[in-house]
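Structure first, then comments.
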Number of protein chains: 2
Amino acid sequence: MDGSDTSPNKLKRSRPVKVADQIKQWVVERDLKDGDKLPNEGEMIKLFGVSKGTVREALRILEAQGLIITKTGPGGGSIVGEVSAERASSLLANYFYFQDLSLTDIYQMRKALEPELVASLAGNLTDEQLSELEALAEMHPKPAETAEQEKEHHISSLKFHARLSEFAGNKLLGFVIGFMSRILTDLTVYRRLYDKPNFELWKKGREHQIQLVKALRAGEATIAQNIMKSHMQIAEELMQTQEASLTKQFMGD
Amino acid sequence: MDGSDTSPNKLKRSRPVKVADQIKQWVVERDLKDGDKLPNEGEMIKLFGVSKGTVREALRILEAQGLIITKTGPGGGSIVGEVSAERASSLLANYFYFQDLSLTDIYQMRKALEPELVASLAGNLTDEQLSELEALAEMHPKPAETAEQEKEHHISSLKFHARLSEFAGNKLLGFVIGFMSRILTDLTVYRRLYDKPNFELWKKGREHQIQLVKALRAGEATIAQNIMKSHMQIAEELMQTQEASLTKQFMGD
DNA sequence: TAAGATTTGTTCGTATGTATC
DNA sequence: GGATACATACGAACAAATCTT
């Protein structure tokens with residue numbers, strides 16, 4: 001957090017934005033952590049010499065970014081809050097709302113990253129984590145018969161990948177993969193992608209997931225990596241048989 | 001943008017947040033685009049049945065997310081604004097401020113993605129873009145002698161990668177690579193990474209960039225990819241000779 | 001359960017700043 | 001420069017939530 005004007009922008013910053021920056025600075029100077037308390041409204045009014053309304057607008061700015069949490073009542077007030085992956089994901093989704101991503105774009109990334117992820121995860125998961133993945137993989141033992149079931153299957157499958165990403169030691173890698181799962185899930189929910197059940201693809205996908213968990217448990221990094229590569233290939237083919245443009249299907253919160 | 005309560009959270013949402021959601025909904029229902037005008041404060045007060053202060057807090061929330069831009073004066077008011085890559089990057093950096101990324105984490109990603117990027121860029125760049133990259137690559141013909149010069153060289157090098165990422169047809173891939181360049185640049189600026197000039201690494205890095213541009217111009221995807229792989233290897237080695245933990249060095253705006 | 005204290009939440013009236021014509 | 005239309009900011013009052021006793 002710098003707080004100072006890093007860019008040569010001479011953009012006029014409104015007072016609430018300035019105050020928001022001042023609060024940020026106040027927090028960083030004191031190296032405050034997750035649950036630490038900020039001054040209350042009254043103190044901020046005196047501290048920054050602005051009115052209550054201005055302070056509150058500043059607090060809403062920080063809250064929107066996920067940096068603080070505000071509660072009412074005695075002992076209430078604002079505290080520092082770690083930005084959650086969920087919130088970061090939402091904010092980022094707002095950016096891609098305008099960007100016109102294609103399925104090809106997303107799968108170019110998935111093909112590069114998901115095999116990398118499982119390779120680094122092999123042999124490093126707890127029994128509990130492995131069991132959970134197993135349960136997700138075996139959730140749908142029967143092929144879909146209706147479009148609705150097909151949709152459920154695919155959301156489950158994405159859930160498998162999302163959960164996998166949360167186990168990543170590499171938080172950046174984990175976040176990006178989780179973000180892609182989210183986008184694809186939103187897509188599946190809001191559009192009626194996956195119209196027609198596809199027996200062959202369901203079967204392959206399920207086998208892949210089960211074999212993958214086995215490889216992860218055995219610590220077979222290369223095998224896990226190869227399974228995921230094949231899996232991504234299959235998944236992309238499935239998606240590509242459906243629509244291509246997925247603009248404007250998210251921007252959630 | 002959904003606006004509705006997707007999650008099973010029974011989190012109490014303050015009125016400004018609700019109004020912000022209502023405004024979002026209002027925008028999406030009408031499919032408003034980049035420069036389109038929103039109702040002014042007075043109209044929103046009537047529209048949502050809340051006071052001026054509440055409307056203003058809601059507007060600050062949307063502004064913080066980069067979704068609207070507000071101007072004063074006649075013809076002023078709020079308009080829809082595309083979230084910029086810059087802003088999305090800042091918001092995301094807030095998340096990783098708390099996450100404890102290591103250089104190894106970042107380079108695991110870079111090694112997976114940057115070769116992929118140049119492969120897809122080969123033969124698809126304009127003369128102008130290629131010239132610009134060339135200029136960046138040839139910016140420092142002489143090895144660094146001081147720590148300050150070494151720092152400049154590395155920022156330039158990261159600029160090269162950042163620019164490259166902006167040329168990506170795949171906006172997701174481009175964004176992630178640009179984001180990593182940003183993090184590494186912030187690191188270089190705020191910490192004194194790169195203390196001691198390293199002649200061998202400078203030379204290799206420079207050659208790589210120049211060869212890379214040549215391969216991109218020739219449309220040699222595989223060659224470009226291999227050059228980038230080597231380059232990432234070198235770059236990681238260089239960084240690893242320096243500090244490892246890069247927590248809490250960003251959170252900028 | 002109830003009352004009181006604390007802190008945020010919301011409203012209103014008014015005044016000021018700023019950009020356009 | 002003056003009129004207009006808009007956001008910006010302030011201050012005082014009251015409402016609502018929540019913790020403590």
Side-chain angles (χ1 to χ4, degrees), chain A residues 5 9-24 26-27 30 32 34-81 87 253, chain B residues 5 9-24 26-27 32 34-81 253:
Chain A
D5 278 342
N9 283 342
K10 54 175 178 181
L11 269 172
K12 217 162 298 174
R13 304 158 71 129
S14 65
R15 226 195 275 243
V17 175
K18 279 186 197 165
V19 172
D21 285 343
Q22 287 177 291
I23 296 172
K24 270 198 203 173
W26 194 93
V27 169
R30 286 159 186 75
L32 299 191
D34 193 11
D36 294 341
K37 224 167 164 315
L38 272 63
N40 64 28
E41 284 184 4
E43 289 168 329
M44 287 194 188
I45 289 169
K46 281 184 286 184
L47 200 53
F48 304 118
V50 296
S51 75
K52 174 165 172 148
T54 304
V55 166
R56 288 181 57 77
E57 287 181 37
L59 292 175
R60 290 299 85 71
I61 290 171
L62 297 175
E63 208 173 48
Q65 298 177 341
L67 294 170
I68 68 168
I69 297 168
T70 301
K71 285 190 306 193
T72 62
S78 297
I79 58 173
V80 177
R87 179 162 222 93
D253 210 44
Chain B
D5 279 344
N9 284 342
K10 54 175 176 182
L11 268 172
K12 218 160 299 173
R13 299 156 71 125
S14 65
R15 228 193 279 235
V17 176
K18 281 186 195 164
V19 172
D21 284 344
Q22 286 177 292
I23 296 172
K24 269 197 203 175
W26 194 93
V27 168
L32 299 192
D34 194 9
D36 294 343
K37 225 169 163 314
L38 272 64
N40 64 28
E41 280 187 7
E43 289 168 327
M44 287 194 186
I45 290 169
K46 280 184 287 185
L47 201 53
F48 303 117
V50 295
S51 77
K52 191 173 37 185
T54 303
V55 166
R56 287 180 58 76
E57 288 182 34
L59 292 176
R60 289 300 85 72
I61 290 170
L62 297 175
E63 210 173 47
Q65 298 176 341
L67 294 170
I68 67 168
I69 297 167
T70 302
K71 284 190 304 191
T72 61
S78 297
I79 59 173
V80 177
D253 213 43

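So you know, we letter chains A, B, ... as the sequences are listed, proteins then strands, and number each from 1. All values below come from the heavy atoms of this structure, side chains included, with hydrogens, waters and symmetry mates left out.
Of the residues in residues 69-79 of chain B, those placing a heavy atom less than 4.0 Å from an atom of DNA chain D are B:T70, B:K71, B:T72, B:G73, B:P74, B:G77, in numerical order.
Contact detail for B:Q65 and A:A64: the closest heavy-atom pair is NE2-O, 4.0 Å. Contact record, B:I69 with B:G81: CD1-CA, 4.3 Å, taken as the closest heavy-atom pair.
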Look for any protein N or O under 3.5 Å of an N or O in nucleotides 14-16 of chain C and output each such pair with its distance, or none.
residue: C:dT14; atom: O4; partner: B:K52; partner atom: NZ; Å: 2.5

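Atom CD in B:E41 sits roughly 14 Å away from atom P in C:dC12 (whole-Å rounding). A straight line from CG of A:L62 to C1' of C:dT8 spans 16 Å, rounded to a whole angstrom. Atom CG of A:N40 is separated from atom P of C:dA5 by 18 Å (rounded to the nearest Å). Protein atom CD of A:E57 is 15 Å distant from nucleotide atom C1' of C:dT8, rounded to whole Å. For the pair A:M44 CE and C:dG9 P, the interatomic distance rounds to 12 Å; values are reported in whole Å.
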Does A:L47 form a side-chain contact (heavy atoms from CB on, under 4.5 Å) with A:W26? I'd like the steps, not just the answer. CA-CA 10 Å; A:L47 200 53; A:W26 194 93; 3.7 Å; yes
Apply the test side-chain contact (heavy atoms from CB on, under 4.5 Å) to residues A:D36 and A:R30: give CA-CA distance (whole Å), side-chain angles for both, the deciding distance (0.1 Å), then the verdict. CA-CA 10 Å; A:D36 294 341; A:R30 286 159 186 75; over 6 Å; no
CA sep, side-chain torsions, deciding dist, call: A:M44, A:L59, side-chain contact (heavy atoms from CB on, under 4.5 Å): CA-CA 10 Å; A:M44 287 194 188; A:L59 292 175; 4.1 Å; yes
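A:K46 has no carboxylate O lying under 4.0 Å from a charged side-chain N of A:E43, or vice versa, which leaves the two without a salt bridge. Ion pairing between a basic and an acidic side chain is recognised when a charged N comes within 4.0 Å of a carboxylate O; B:E41 and B:K52 show no such pairing.
Distance check: B:I45 CD1 to B:N40 CG gives 8.5 Å after rounding to the nearest 0.5 Å. Distance CD/A:E63 to CZ/A:R87: 7.5 Å, rounded to 0.5 Å.
A:R56 comes within 4.0 angstrom of a nucleotide base, judged by non-hydrogen atoms across all strands.
Reading DNA chain D from its 5' end, the first and the last nucleotide to sit under 4.0 Å from a heavy atom of chain A are D:dA9 to D:dC19.
For C:dG9, the OP1/OP2 oxygens have no side-chain nitrogen or oxygen of B:R15 closer than 4.0 Å.
Checked against A:L38 for a side chain to side chain contact (heavy atoms under 4.5 Å, CB included), the options A:T70, A:I23, A:I79 give a single hit: A:I23. The side chain to side chain contact (heavy atoms under 4.5 Å, CB included) with B:L62 is formed by just one residue from the set B:V27, B:V19, B:I68; it is B:I68.
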